[in-house]
Amino acid sequence: MKIDVLTIFPEFFAKVFDFGIIRRARLAGIVEINVHDIREFATDKHRMVDDRPFGGGDGMVLKPEPIFAAIENLLGTSDRGAYPSGTRVVLLSPQGRPFKQAVAREFADDAKHIVMICGRYEGVDERVNETLVTDEISIGDYVLSGGEPAAIVLADSIVRLLPDALGSETSAANDSFSDGLLDCPHYTRPAEFRGMTVPEVLLNGNHAEIEKWRREKALEKTRSSRGDLLSGEKGESG
Ligand code: 9D3
C-alpha cells in the first residue's frame, strides 16, 4: 500500500511514522508513506495556499489550485472518476463520516493508494471535495486545529491491518473491537504490588475458567465505559 499525506505542516509528521508497527511495516515494504507540503504545489509568486472566504467571515480557506496540482502530480488526473482502481482520496474534515474500525478494515482490504488531505483553518475550498475527494472522514466529535492528527490516526489504524504488518505475537483478530467488546484487564508480575493483588483466577492455570473471567470482565468494562456498544445497532466491529 502507498499512503501520501498532503499538509501545510509537513514537519508535524517528522517522526510519527518511525516507531513500532508502522516503522516495521515500512521497512518490510508493506507500506510506503510520503508527506508532501501543499505549498510546494503553489505556483504563484507568494506560494499562497489559503485565502479569505467568499461571502465574508472569519478565518481562511485552503485554495483549490495547489491541492488540484498535488493530486494531478500523484495520481495523473484530478477527475476522481478516472483514478486508478484502489485509489482513495480522503479529506480529513469535521464534516466527514465517522471513522470506525470497520472503515479502517475497508481501507486496509480495498485500498492500494490512499491520499490524505489535511484540512486547516475554516476549511478547504468545496471544489476539492466535489472533484477530488472520494471519502470525507472525521475521527470524532471534538474540535481539532487541523486534519493532521486525524491523518496519523487513519494511517496507524489502517497500516496495522495490512497483511503481515503485525508480528506473530499479536493478531488483529484479538483486538478490542474485533468482537465488539472492550478488552479485559491485564496483569503481570509481581503477583502482589504495594498490597494490590492479582485476581486469583489468573494464577491457577485453569484456562477455561480464565477465558470465562476475561469474557465477564470485558462485558462489565464495556457496559460501564461504552454501554452504546452493547445496545442498538451493535457498534462497529472489524
Ligand atoms: C467553525 C466551524 N468549525 C467546523 C466544525 C470549523 C473548523 C474546526 C476545526 C474547521 C476545521 C477544523 C479542523 N479540524 C479538522 O480538520 C478535522 C477534524 C476535527 O476537528 N475533528 C474530528 N475529526 C477531524 S478530521 C479533520
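Along the sequence shown, residues are numbered consecutively beginning with 1. First listed ligand is number 1; within each ligand, the first listed atom is number 1.
- Ion pair Glu211/Arg215 not flagged as a salt bridge, since none of the NZ, NE, NH1 or NH2 atoms sits closer than 4.0 Å to an Asp/Glu carboxylate oxygen.
- With hydrogens and angles ignored, the 3.5 Å screen pairs no side-chain donor or acceptor of Arg39 with any backbone N or O of Ile8.
- In this structure, Leu230 and Leu219 have side chains that are in contact, with non-hydrogen atoms separated by less than 4.5 Å.
- Residue-level contacts of ligand 1 at the 4.0 Å heavy-atom threshold are Leu92, Ser93, Pro94, Gln95, Gly119, Tyr121, Glu122, Ile137, Ser138, Ile139, Gly140, Tyr142, Val143, Leu144, Ser145, Gly146, Gly147, Ala150.
- Between Tyr187 and Trp213, the ring-plane angle classifies as tilted under the 30° and 60° cut-offs.
- Here Pro64 pairs with Phe68, Asp125, Arg127, Val128 under the side-chain contact (heavy atoms from CB on, under 4.5 Å) rule; sequence neighbours left out.
- Between the Arg26 side chain and the Phe17 main chain, a donor and an acceptor come within less than 3.5 Å of each other.
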